[in-house]
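Down below is the structure, laid out as structure tokens.
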Amino acid sequence: MSTETIFDKIISREIPAEIVYEDEHSLAFKDINPQAPVHLLIIPKKPIATINDIEEDERELVGHLFVVAKKIALQHGFAKNGYRVVMNCNEDGGQSVYHIHLHLLAGKTLGWPPYANERAKQG
Ligand code: DGP
């Protein structure tokens with residue numbers, strides 16, 4: 001089961017996005033709320049709601065998202081310095097758009113753990 005999300009509208013160009021990469025199976029575009037100098041989202045064109053919904057026969061498609069991340073990192077010149085890829089799942093994981101996506105973050109030394117600030121606020 002899948003429900004249309006904002007990412008389907010980006011795929012179909014109903015709403016604009018700063019697209020940096022596209023192929024038959026995937027699309028990558030700039031995150032609207034960047035958390036690093038480079039913050040891209042890499043999505044499959046096939047709508048899969050969450051990591052929990054990934055089927056065995058979709059493993060190649062999901063692996064492809066990592067190959068795209070690597071290609072972008074090389075093309076944009078930050079592969080050597082490094083980067084982070086993250087995929088959130090459901091509410092506790094911080095997922096807000098229910099169409100799986102890899103966050104690709106780069107352009108600075110990224111802190112770890114990524115949730116340190118939230119934990120500090122909770123006390
Ligand atoms: P997550 O919280 O892991 O589900 O990440 C969803 C990301 O999607 C979040 O970082 C903000 C981004 N986002 C939400 N709506 C839009 C949009 O309309 N355009 C773009 N470019 N990014 C969006």
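None of the values given here were measured: they were computed from a predicted structure. Indexing begins at 1, ligand by ligand and atom by atom, following the structure's order. Below, each value reflects all heavy atoms present in this structure, side chains not excepted, and no hydrogens, waters or symmetry copies.
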Identify, by atom number and element, the atoms of ligand 1 in contact range of [X], meaning under 4.0 Å from any of its heavy atoms.
{"X": "Gly94", "result": "1 (P), 2 (O), 3 (O)"}
{"X": "Leu41", "result": "7 (C), 8 (O), 12 (C)"}
{"X": "Asp31", "result": "7 (C), 8 (O), 9 (C), 10 (O), 11 (C), 12 (C)"}

task = Ignoring hydrogens and angles, tell me if any N or O in the side chain of Asp31 forms a donor-acceptor pair with the backbone of Asn33 under 3.5 Å.
result =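 Side chain of Asp31 to backbone of Asn33: a pair is present.
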task = May I ask you to decide if Ala49's main-chain N or O and Gln95's side chain share a donor-acceptor pair within less than 3.5 Å?
result =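 Side chain of Gln95 to backbone of Ala49: a pair is present.
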His103 N/O under 3.5 Å from ligand 1 N/O =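 There is such a contact, yes.
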request  = Kindly confirm or rule out an N or O of Ser96 lying under 3.5 angstrom from an N or O of ligand 1.
outcome  =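 Right, the criterion is met.
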Return yes when [X] approaches ligand 1 closer than 4.0 angstrom through a heavy atom, no otherwise.
{"X": "His101", "value": "yes"}
{"X": "Phe7", "value": "yes"}
{"X": "Glu18", "value": "no"}

task = Assign the ring pair His39 / His103 to parallel, tilted or perpendicular, where the plane angle (0 to 90°) is split at 30° and 60°.
result =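 Rings of His39 and His103: tilted, 30 to 60°.
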key: Heavy-atom proximity to atom 18 (O) of ligand 1, best of Asn33, Val86, Ile6, Asn88   =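 Result: the heavy atom closest to atom 18 (O) of ligand 1 is in Ile6.
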task = Dump the intermediate steps for side chain to side chain contact (heavy atoms under 4.5 Å, CB included) on Ile42 and Ile72, then the final yes or no.
result = CA-CA 10 Å; Ile42 305 170; Ile72 292 172; 4.2 Å; yes
